Number of protein chains: 2
Amino acid sequence: MDTIIPAPQGFSGHTADYVVQAIRQGILDGSLPAHQPLRQDRIADTLGVSKVPVREALIQLKAEGLVTFTPNRGAVVSELSAAEAVEIYTMRIALELAALRIALPRLDRARLIRAESVLSILEQEETRAQWGRLNWEFHQTLYQASGMPRMVETIRALHDNVGRYLLIYLADPQYRRASNEEHRRILQACRDRDSTAALEQLRVHLEAASRELAAFLEKPRAERTMGGSDHVG
Amino acid sequence: MDTIIPAPQGFSGHTADYVVQAIRQGILDGSLPAHQPLRQDRIADTLGVSKVPVREALIQLKAEGLVTFTPNRGAVVSELSAAEAVEIYTMRIALELAALRIALPRLDRARLIRAESVLSILEQEETRAQWGRLNWEFHQTLYQASGMPRMVETIRALHDNVGRYLLIYLADPQYRRASNEEHRRILQACRDRDSTAALEQLRVHLEAASRELAAFLEKPRAERTMGGSDHVG
DNA sequence: CGATGTATCCATGGATACCATCATCCCAGC
DNA sequence: GCTGGGATGATGGTATCCATGGATACATCG
């Protein structure tokens with residue numbers, strides 16, 4: 001949080017939304033680790049706002065599941081249990097398969113090209129910080145064609161909840177390669193308008209991630225290797 | 001809102017949660033109709049709290065989709081378009097089928113009896129005000145056996161978004177009878193541990209509601225008969 | 001030396017007062 | 001009849017104050 005620039009200028013909309021963005025980004029890129037206390041006046045000072053919009057932001061993030069409140073003790077960054085991870089992936093599989101099924105017949109050339117382009121960047125990206133964003137960008141590009149913004153938004157919130165841990169999983173080059181291949185198969189099936197194959201590949205993709213994340217979270221915290229470096233290779 | 005007793009006494013937890021409950025109830029039972037402005041200081045006075053927790057409550061309800069914000073104009077009760085209704089039911093079908101599939105093998109005797117009891121009350125209930133609550137109570141009883149609280153909570157929020165309109169749909173005795181029969185078929189399939197039938201009946205149930213609600217919302221507002229009386233028969 | 005009680009500190013959660021900004025409405029003036 | 005410009009009122013945000021309860025350090029007692 002210290003490094004976040006206190007720059008609310010040029011921001012339209014509610015101040016709370018600005019605070020939400022700042023905190024969310026900190027959680028997603030790992031600079032705000034699980035159990036990190038989120039002190040209201042400290043955040044207010046850092047971002048150059050007052051306490052009220054900070055509390056409003058924390059409440060929004062609570063609704064997304066990214067922070068957890070304890071009465072009279074304030075908010076901390078949420079920790080995910082293995083069971084919760086499985087639950088989130090269960091919801092993601094249900095919703096993302098539905099979204100893709102609806103989106104498939106509406107995927108136009110432009111969108112497929114865009115998905116292809118995101119995927120190429122993702123495959124060559126060596127910096128962990130961008131993986132989560134690009135990964136979501138790829139999936140979102142497909143789902144948006146469903147014309148169901150609320151469903152896409154719900155899926156995004158679920159994705160954000162596992163985003164931090166996904167980075168750890170992707171730090172292993174083997175899993176990263178597998179993930180990229182799964183993305184390619186999904187995209188190819190979309191190009192072929194092969195609905196059955198696309199949905200099946202998406203299911204495989206999500207189930208693999210669910211399995212690996214659950215296995216990771218079932219290990220005691222001490223044994224977990226969080227992937228130290230910003231570069232792999 | 002005028003009739004709500006300003007009685008925060010005996011309420012543990014955050015004041016905002018108390019305000020959320022009050023406003024949510026007003027929206028669900030129809031006393032706060034769509035497009036009703038939700039004035040912050042008026043609500044604060046009525047409930048005997050200050051403005052701050054009211055704004056926090058409105059933000060929570062925004063996250064649930066029950067209220068809509070317009071910059072510098074505050075919050076109003078959300079209105080649902082036909083497209084949004086279809087979107088919500090698409091999400092409900094995806095999530096509720098997944099929840100029921102997981103819950104089915106874990107449904108014990110006690111829970112089935114509880115569901116049966118809720119259904120009996122619902123079938124004999126003549127007062128509209130309770131229909132929404134009892135309807136959700138029935139579905140929730142089944143889904144809770146999944147052991148996935150977050151999924152159940154997400155489904156509840158989606159249910160609340162269509163709850164108001166469901167009442168109109170159920171005001172027609174014909175649809176009400178059909179709905180009750182669908183509930184019975186779902187419950188019977190659960191008792192028989194017939195997973196395929198239970199999921200299929202749930203899908204039929206939700207798709208029927210989706211179809212009727214979409215048809216209702218596609219009519220111009222002037223033509224809509226909102227079902228005047230509190231009693232049918 | 002360990003367990004328990006106590007004083008202090010500190011952050012939360014909420015109330016209150018105040019203010020800039022923006023939307024809306026009403027009305028004069030053309 | 002249309003337009004422009006105050007009143008008016010609500011939002012959204014700041015600053016300040018305070019009661020409550022958790023946490024910690026310390027002191028006292030067994």
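Because the structure is predicted, anything quoted here is derived from the model rather than measured. Per chain, numbering begins at 1; letters A, B, ... match sequence-line order. The figures here come from the full heavy-atom set of this structure, side chains too, leaving out hydrogens, waters and symmetry mates.
- If you check the side chains of A/Gln130 and A/Arg133, you find a donor sitting under 3.5 Å from an acceptor.
- Using a cut-off of 4.0 Å between Lys/Arg side-chain N and Asp/Glu carboxylate O, A/Arg176 and A/Asp172 are scored as not salt-bridged.
- When each of A/Ser50 and A/Asn72 is assigned the nucleotide of DNA chain D bearing its nearest heavy atom, the one mapping closer to the 5' terminus is A/Ser50.
- Going from atom CZ of B/Phe69 over to atom C1' of D/dT11 covers 10 Å, rounded to whole Å.
- In the model, A/Glu87 has no side-chain atom that pairs as donor or acceptor with a side-chain atom of A/Thr90 under 3.5 Å.
- Comparing D/dG12, D/dT11, D/dT14 by their closest approach to the side chain of B/Asp41 singles out D/dT11.
- Every residue meeting the salt bridge (charged side-chain N to carboxylate O under 4.0 Å, His left out) condition with B/Arg114, not counting sequence neighbours, appears here in chain and number order: B/Glu137.
- Phosphate proximity of D/dA10 to B/Gln40: absent, as no side-chain N or O sits under 4.0 Å from OP1 or OP2.
- Pairs passing the salt bridge (charged side-chain N to carboxylate O under 4.0 Å, His left out) check and including a residue from residues 205-214 of chain B, sequence neighbours excluded, read B/Arg203-B/Glu207.
- Contact check of residues 52-63 of chain A against DNA chain D (heavy atom, cut-off under 4.0 Å) returns A/Val52, A/Pro53.
- Partners of B/His159 by ring-ring contact (aromatic ring centres under 6.0 Å, His included), not counting sequence neighbours, listed by chain and number: B/Trp136.
- For DNA chain C, the contact window with chain B, defined by any atom under 4.0 Å from a protein heavy atom, covers C/dG13 to C/dT24 in 5' to 3' order.
- Contact between B/Arg150 and A/Gly65 at its shortest, heavy atoms only, is NH2-CA, 3.6 Å.
- Every residue was checked against the ring-ring contact (aromatic ring centres under 6.0 Å, His included) condition with B/Tyr89, not counting sequence neighbours, and none meets it.
- In this structure, CG of B/Asp45 is placed 11 Å from P of D/dA10, rounded to the nearest angstrom.
- For B/Leu38 and D/dG12, the CG to P distance is 12 Å, given to the nearest whole Å.
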